[in-house]
Amino acid sequence: MNNPESMSEDARLSRDFFKRNTVIVAKDLLGKRLVRLENNHRLAGYIVEAEAYRGEEDLGCHAHVGYTPRTRIMYGSAGHAYVYFTYGMHWMLNIVTEQEGFPAAVLIRGIQPCEGLDIISERRKGLPINHWTDGPAKICQAMNINGELNGIDLCAPNAPLFVENGIAGNAISDEYIKTGPRVGLFSVPEPWKSIAWRFILQMEVSDEIIGR
DNA sequence: AGCACGATTAACT
DNA sequence: GTTAATCGTGCTC
């Protein structure tokens, strides 16, 4: 990471980035670029909202039930995709974090599209641009992310899905980051229901801001 | 084998 | 603000 070449703004995030405390990773993912390659298309968007789900202790985390076929991926090594199906119709994208054996992941809840807008608009037909990718299942619809990508390594050289260092290694100032309770945990006991592990980027991400 | 519920979304009143 | 859509997962019988 000390090599200037690896700090270029388009560098893919390494496994070391994800292999840290989940709450920190969730916050640090704000402003990074989520990239999806399919066929000859490149779709991308800046991550503007993310949530941390951390360990069996966290009663909001799927892994609170322990190691099952569904939670298996979260127990694996960092930087892998945990894609799951819910409400009978929606896919959700998470990125596995922390040490192997400790189940945790970051849920990607919102992105600001920046590449492949024609395809994204086609897939989100009829809806206004600000509602194309402002929810976890909407991102998966827009980027064609489904169970086939569950368990893939986002740090592999040929990965069809990965995250790029959108802001050239610079952290975003806390004044632009809003925190709050995670969404949708209706029957989860406290303190997990209210813990402020949701992170939202409050500013519009522009090429100027990220120094391109 | 059956059941309750879900890290949601879109359409509607 | 309310609600239907729709099915995998984990738990109980």
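Order of the sequence lines fixes the chain letters, A, B, ..., with proteins taken first and strands second; residue numbering starts at 1 for each chain. Remember, predicted model here, so these are calculated numbers, not experimental data.
- Side-chain contact of T22(A) with E98(A): a donor-acceptor pair under 3.5 Å is present, judged by distance alone.
- Between F85(A) and W91(A), the ring-plane angle classifies as tilted under the 30° and 60° cut-offs.
- A donor-acceptor pair under 3.5 Å is absent between the side-chain atoms of R182(A) and the main chain of I195(A), judged by distance alone.
- Judged by distance alone, with hydrogens and angles left aside, the side-chain atoms of Q112(A) form no donor-acceptor pair with the main-chain N or O of V48(A) at under 3.5 Å.
- A donor-acceptor distance shorter than 3.5 angstrom exists from the side chain of T68(A) to the backbone of T71(A), with no hydrogens or angles considered.
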Under a 4.0 Å heavy-atom criterion, the protein footprint on nucleotides 1-13 of chain B, written with B, S and -, is -----BBBSS---
Would E49(A) and K138(A) satisfy salt bridge (charged side-chain N to carboxylate O under 4.0 Å, His left out), going step by step from the backbone distance to the final call? CA-CA 13 Å; E49(A) 182 175 345; K138(A) 298 182 187 183; over 6 Å; no
Applying the Watson-Crick and G-U criteria (both distances under 3.5 angstrom) with [ ] for crossing and | for other-strand pairs, one obtains for DNA chain B ||||||.|||||.
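- D118(A) pairs by the salt bridge (Lys or Arg N to Asp or Glu O under 4.0 Å) definition with nothing, not counting sequence neighbours.
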